[in-house]
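Residue numbers start from 1 in every chain, and the chains themselves are labelled A, B, ... in the order their sequence lines are given, proteins ahead of strands.
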There are 2 protein chains.
Amino acid sequence: MILSHMEQYQSGLDGIFQALADPTRRAVIGRLGRGPASISELAEPFEMALPSFMKHIHVLERSGCIITRKDGRVRTCAIETAALAIVGDWLSAQRALWEGRTDRLEQFLAEATDPKETPR
Amino acid sequence: MILSHMEQYQSGLDGIFQALADPTRRAVIGRLGRGPASISELAEPFEMALPSFMKHIHVLERSGCIITRKDGRVRTCAIETAALAIVGDWLSAQRALWEGRTDRLEQFLAEATDPKETPR
DNA sequence: CAAACGCTTAGCCATTGCGCTTAGTATCTC
DNA sequence: GAGATACTAAGCGCAATGGCTAAGCGTTTG
C-alpha cells in the first residue's frame, strides 16, 4: 500500500470530498483534466462574479485538488491527481469491505418488503 | 458503459460527495461495509447525542449512500453500494481525461520553480 | 398496565458556505 | 505614464450544516 498518500492526505478526505461536492468545482476539475488554464479562462463558462469563482478555486487549492502558480498577473491552475487518488484509495478500501458480503446485504434487501418507511 | 447510474444519480453527485465529506458519516459507511446495523448500534462509538447522529443518518439516506428499514422500534441501516459506484464512475471519467496528458502537467510542474505561491 | 427502549420531532445556536458588490493591487500594453 | 487587464481583499446577506436539549411516540418487556 502506498503510504505517502495516507500520511499526507488521510485526514484531508474531508476537504477533498467537500471540494468535490460542488458542481462548479467538479466542472473546473473536468476542465483542468484537459490541461492547465488561467483563472479567467476557467471562470469564463460560469455566470458568477469573479470573486465568487475565486472562492471555488481556493477551496480546490486548499483541499489539494489543484495547484496554482502565478506568473506576472496571471494565475495558472493545474489538476493535482494525487488528491483524486486519495479518493480512489478510500473507495477501494470500502469496496474491499463489502465485497464478499453480498450474502448479508441481499438477505437484508429480501426482507425489505415494506418500501422504506413502515407505516406506524 | 452502464447508463442507469449516470441518469439516475449524475445530478446526485453533489449529495453523495457532501455526505462523504464528514468523518462521522464515512465511519458509518465503513461500519456498514461489514454488514447492516441498527441506529443505536451505529451511534454507539460516537460521543454525540442521538438526534445529532440521526441527522448524519438522514444525510446518508437522502444522498442514497445507505438504505434503511424499520422493524418494530428498530431501524436497520445498510450500505447502498450503487452510490459509491457513482463516485467510482466519476473518478474513472476524470482519470480518463488526464491520462496521457502527463506531458503537459509535468511541464507545468517543471516550470514551477517559483516557491513564492507554491502550496504543498 | 407500567416502565424501559429506540428512535423521532421540534427548535435553538454558532459556524460555514456560496453568492454578491465595491474597491483595491500588481502587471502588461500602448 | 495612462489605461486596460487579471486577479485579490474586504465585507454583506442568506441558507445550510452540525452540534445541543427537551419532549413525544410507538414497541417491547416485566
Which atom pair, heavy atoms only, marks the closest approach of Ala43(B) to Leu50(B)? CB-CD1, 3.8 Å
When rounded to whole Å, the CD1 to P distance for the pair Ile57(B) and dG6(C) reads 16 Å
In whole angstroms, the gap separating C1' of dC7(D) from CD of Glu61(A) amounts to 13 Å
Tell me: CE of Met54(A) to C1' of dT21(C), nearest whole Å? 16 Å
Tell me the side chain to side chain donor-acceptor pair (under 3.5 Å) pairs involving residues 47-58 of chain A, sequence neighbours left out? Arg25(A)-His56(A)
Atom pair distance, as rounded to whole Å: NZ in Lys70(B) and P in dG26(D): 10 Å
Which residues share a salt bridge (Lys or Arg N to Asp or Glu O under 4.0 Å) with Glu41(A), sequence neighbours left out: Arg31(A)
Any donor-acceptor pair under 3.5 Å linking the side chain of Trp98(A) with the backbone of Gln94(A)? yes
Which pairs, protein N/O on one side and nucleotides 11-18 of chain C N/O on the other, fall under 3.5 Å?
unit_1	atom_1	unit_2	atom_2	d
dC18(C)	OP1	Arg25(A)	NH2	3.3
dC18(C)	OP2	Arg25(A)	NH1	3.0

Just checking Ile39(A): base, sugar-phosphate only, or nothing, at a heavy-atom cut-off of under 4.0 Å? sugar-phosphate
Could you state the interatomic distance from CD1 (Ile16(A)) to CG (Asp14(A)), rounded to the nearest 0.5 Å? 9.5 Å
Send over the distance from Phe46(A) CZ to dC20(C) P, rounded to a whole Å. 13 Å
Roughly how far, to the nearest 0.5 Å, is CG of Leu42(B) from CD1 of Ile66(B)? 7.5 Å
Does anything in residues 61-82 of chain A form a ring-ring contact (aromatic ring centres under 6.0 Å, His included)? List the pairs, not counting sequence neighbours. none
Distance, rounded to the nearest Å, where Phe53(B) contributes CZ and dC20(D) contributes C1': 16 Å
For the residue pair Thr68(A) and Arg75(A), confirm or rule out a side-chain donor-acceptor distance under 3.5 Å. yes
Do any pairs count as a ring-ring contact (aromatic ring centres under 6.0 Å, His included) and have a residue in residues 26-46 of chain B, sequence neighbours left out, and if so which ones? Phe46(B)-Phe53(B)
Tabulated below should be each protein N or O lying under 3.5 Å from an N or O of nucleotides 24-30 of chain C; please produce it.
unit_1	atom_1	unit_2	atom_2	d
dT27(C)	O2	Arg73(A)	NH1	3.1

Which of these nucleotides, dG6(C), dA6(D), dT21(C), is closest to any side-chain atom of Ser40(A)? dA6(D)
If you find the nucleotide of DNA chain C closest to Leu50(A) and the one closest to Glu41(B), which residue's nucleotide is nearer the 5' end? Glu41(B)
